[in-house]
Each structure stands twice: as structure tokens, then as C-alpha cells.
Amino acid sequence: MRSPDAPTPAAGESPDAAEARRVLLLCNACQFCDGYCPVFPALKRRRTLAEADLTFLANLCHNCRACYHACQYAPPHGFAVNLPRSLSLVRQDSYARHVRPAPLGRLFRRNGQVVLGFTAALVAALLLAALALIPAELLFARHAGPGAFYRLVPWPLMAGVAGLAAGWAVLAVGCSVASLWRAMGPAPRAALAPSLWEAVRDAVSLRHLGGGGAGCNDRTERFSTVRRRFHHAMAGGMVLCFAATSVATIYDHLFGWPAPYPLLSLPVLLGTAGGIGVMAGTAGLAALKWRADPGPVAQEVQGTDLALLVQLFLAAASGLVLLALRDGPAMGVLLLAHLGIVLALFLTVPCGKLLHAPFRLAALLRDALERRVSGRGRAATGSPARSGAPPPPAP
Ligand code: SF4
Ligand code: SF4
């Protein structure tokens, strides 16, 4: 909900940016939430709030929602302070403005439909092409033993398409992050290596969803570590799936052992554990969204979030179903469906929610650099800093 006294945007400024500036200026005067996350100390280091500052602060926010539930000026108060929602909208706008190639930015307005529609269309196209190009007696035959997958999709084709898709994703994300970095203003001159290490550590551990141990407000005003755990399960599962693919590539290229591999082989064990982690994490995060208090949530960005969760869940589930049924006649169709979903995931990385990970890492790095320049230590996280303020309730 925006304030009935919503500010008039300056020339060229969006209403969401004007609202975020209004709320942040109130927060800078209030300072009650200073200990919750690095956004508030970063806000205090600024005398004015230019567009670059809003972009930086929005991407530094982890949307833990603690400041909404702690805020004495949140709706129905007339100030209508809703910082998580305001920063979510500015953050979403930063994805749209800095994604490269730039025309992809338009897709963020209806991102959920675009990402899921593209995924469904790509899988359907692959299956139709297979029905047209592969004889039915080959497509629906039982294929077993080493090299079974490549009898349907030749290895050079599979590896070539995967390499191109991965290259596209890396290049597009790299250019997008470079655009965001420039938009956040001149980089502070401080030691890069320790700042980068600190940023990576905070990003990987999701420190700013930890609330100093109490967790975040994933559903209500009660603090909980559930969201952080589901996110770790999902991210850890993705890492294990990547490790499984890497080991399989080494097996194939170095040792001449083509897939598929036995159930107790390293690639299958890593992939199975990764797939289960991704499915559990994405299902858990989707359930949390479903049950969350809508107050601090920007409904406008929910489609983007859910599309990525659905895409990841389908990629993991299709991989596990393929593993279970790979010796049967459905293997060909399942293999093509799994490859299509994974390919769509890579191709839509620049215009999907996965972009939040490198963008947030860039903001954490800038924050670490700024704190080194200003002589501040590591950002505190967990409770309001104002003397005498009550700590967050126990989980
Ligand atoms: S209580 Fe927190 S969110 Fe509310 S105005 Fe103060 S600093 Fe901002
Ligand atoms: S307390 Fe949480 S929701 Fe509020 S600004 Fe910080 S990270 Fe964002």
C-alpha cells in the first residue's frame, strides 16, 4: 500500500523510486532498525539519495521483512512505511533496467508468464522435432548401457547446445552486473580481495536472512530460520547438480566412460542428492510464499519469484524421473523433456529471478568496500541498534 500522501516523482523518476526515497528518508530520521541489516548503516552513510543510492540499497536488501514488522510507522499508520515492499519494487526495476541485452528488460514486466511460457514452448518444440526426426522404433525403444542417451541425441549436439547456452548465460549476466555496478556510482577505493571474500561469505551463508540467529520474518511477525534453510537446500542442490555434470564430463572426456552411469556412481549420487535438495528447497520456498503475510510483499514481483521456483523444481524432478525410468521405453521422451527444461533455464537466466544472486553479491561487495573506506567493521545483523530497543522476538 502506498501512502495517500505519496510524493510526486521528480522528472524521469518512477513513482516507486519516489516512494522508496520518501520511506528511506523517514528511516534515516528514525534509525530504529539500524541493527537489522546492512541497508540501514549504508543509508546513514548517505546525505542524499540519488538514483544510484536507491539501486544500491534495493539490491542490498534481502527482503527479510524484519523492518516491516518492527516498524511503528507501518500501515495503518499514516506514514505508511513499508520498506521491504518499496525496495522490492525498486529492485525489480533495477533488473529490468540493467539486464543485458537491454531489450530483455521489457520481459520483467510479465516475467512469470514469459519464463514459464518459453519453457513450455521449448519443451514442446523439442518433443515435436524428435517425433518428426527420430523414427518411432528408435525414440520409444529400450536403450540401456553406456552411451544410451547419445543414441537419441548425439553427444556433439548435446554438448554444443549446452556450451552455447551456458556461454550466453555467463556473458549476459556478466554484462548485466557490469551495468548495475556502474549505475551504483563510482566504486569506493578500498582493498578488493578481503571485501570480495566478505561479500561472498555473506551471500553464500545468507547472513542477512539470519537475524543474528533468530532468522527472518518469512511468514509473520515471528522470526524463523525456515526460509534460510529452504534457500540453502535449493542452492546446495544446484551446486551438487553442477558437480554431478562436471564429474560426468570428466568421466566421459578423460576416461571414455559415457553416460548413463550406475546408480551408485559418483555422478548419479551427486545428481540425486542435488535433485532432492532443489525439489525440497523450491517446494518449501513456494509454500512459504503462499502462506506469507501479504503486508510487506510486493505482489507485482511474485510472478518472477514463482517462475524461477517452478523452473528449478521441474528441472530437478524431470532429472529424477529420467533416472528412475531410464531403462524403459519412455527414456527418449523424458530425456528430451529434461534437456528442454534445463536449456530454457539457461536461456532465461538473464531475464529471470536468478539475476538477483549476482546483483545482490555486487551490492554486498560495494557495501563491504564502503565500510572499509569509512572505517566501520563488519555489518551487524540481528536486532535494532537503538539503545533500549527491544530485540526481535525469539523464534
Ligand atoms: S521503525 Fe524501522 S522501518 Fe520504521 S521508520 Fe524506523 S527505521 Fe524505518
Ligand atoms: S531489515 Fe530486511 S527487509 Fe528491511 S531493509 Fe533490511 S534486509 Fe530489507
Side-chain angles (χ1 to χ4, degrees), residues 1-3 5 7 16 19-46 49 53-92 94 199 202-203 205-225 227-228 231 288-289 292-298 301 305 356-357 359-361 363-364 366-367 371 378-393:
M1 184 180 93
R2 288 191 53 209
S3 164
D5 303 318
D16 292 333
E19 171 66 4
R21 180 178 289 108
R22 179 189 77 87
V23 170
L24 285 165
L25 290 174
L26 281 167
C27 291
N28 220 358
C30 167
Q31 300 186 11
F32 179 82
C33 297
D34 278 7
Y36 271 133
C37 76
V39 169
F40 296 96
L43 179 60
K44 281 172 80 174
R45 293 194 293 268
R46 285 160 165 75
L49 286 176
D53 303 303
L54 294 181
T55 301
F56 164 59
L57 295 171
N59 281 284
L60 190 59
C61 168
H62 284 52
N63 199 20
C64 78
R65 302 164 192 168
C67 60
Y68 174 83
H69 291 289
C71 184
Q72 55 270 48
Y73 305 122
H77 191 282
F79 286 177
V81 170
N82 192 338
L83 190 55
R85 174 175 155 71
S86 293
L87 293 183
S88 288
L89 292 172
V90 173
R91 192 164 53 244
Q92 181 86 349
S94 75
D202 287 351
S205 66
L206 286 178
R207 177 171 179 247
H208 302 299
L209 278 187
C216 66
N217 299 98
D218 48 29
R219 283 157 294 174
T220 65
E221 72 280 0
R222 284 181 62 82
F223 283 74
S224 153
T225 57
R227 180 174 162 207
R228 196 182 187 199
H231 200 290
L288 283 181
K289 281 188 181 298
D293 176 354
V297 175
V301 309
D305 294 2
H356 82 285
F359 273 33
R360 188 160 282 145
L361 181 62
L364 284 168
R366 178 164 293 258
D367 182 60
R371 277 185 286 105
R378 211 162 168 220
T381 292
S383 62
R386 179 193 269 184
S387 172

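Ligands are counted one by one from 1 in listed order, and the atoms in each one are counted from 1 as well.
R85 and S88 share no donor-acceptor pair across their side chains, judged by distance under 3.5 Å alone.
Looking only at protein heavy atoms, the nearest one to atom 2 (Fe) of ligand 2 is C64 SG, 2.4 Å. Scanning the protein for heavy atoms near atom 3 (S) of ligand 2, the closest one is R65 N, 3.2 Å. For atom 7 (S) of ligand 2, the nearest protein heavy atom (residue, atom name, distance) is H62 N, 3.3 Å.
For C27, the nearest N, O or S atom to atom 8 (Fe) of ligand 1 falls under 2.8 Å. At least one N/O/S atom of C61, whether from backbone or side chain, sits less than 2.8 Å from atom 8 (Fe) of ligand 2. In summary, C67 places no N/O/S atom under 2.8 Å from atom 6 (Fe) of ligand 2, failing the contact criterion.
Less than 4.0 angstrom separates some heavy atom of Q72 from each of these atoms of ligand 1: 1 (S). Under a 4.0 Å criterion applied to the non-hydrogen atoms of C71, ligand 1 contributes the atoms 1 (S), 3 (S), 4 (Fe), 5 (S). Listed by number with element, the atoms of ligand 2 under 4.0 angstrom from any heavy atom of C37 are 1 (S), 5 (S), 6 (Fe), 7 (S). For ligand 1, the atoms closer than 4.0 angstrom to any heavy atom of C30 are 1 (S), 5 (S), 6 (Fe), 7 (S).
The two atoms that bring P75 and Y68 nearest to each other are CD-CE1, 4.2 Å, heavy atoms only. Scanning all heavy atoms of the two residues, the minimum distance from R219 to S224 falls at NH2-OG, 3.5 Å.
Using a 30° and 60° split on the angle between ring planes, Y73 and F79 fall in the tilted class, from 30° to 60°.
When atom types are taken as modelled, the side chain of R22 and the backbone of V81 share no donor-acceptor pair closer than 3.5 angstrom.
Here atom 5 (S) of ligand 1 lies nearest to Y73 when heavy atoms of F79, F40, Y73 are compared.
Tested against R45 for a salt bridge (Lys or Arg N to Asp or Glu O under 4.0 Å), the candidates D34, D53, D367 yield a single pass: D367.
At a 4.0 Å heavy-atom cut-off, ligand 2 does not touch H208 at all.
Separation of atoms CG (L83) and CZ (F40) is listed at 5.0 Å; rounding is to 0.5 Å. Here CG of D218 is found 5.0 Å from CG of L288. Values are rounded to the nearest 0.5 Å.
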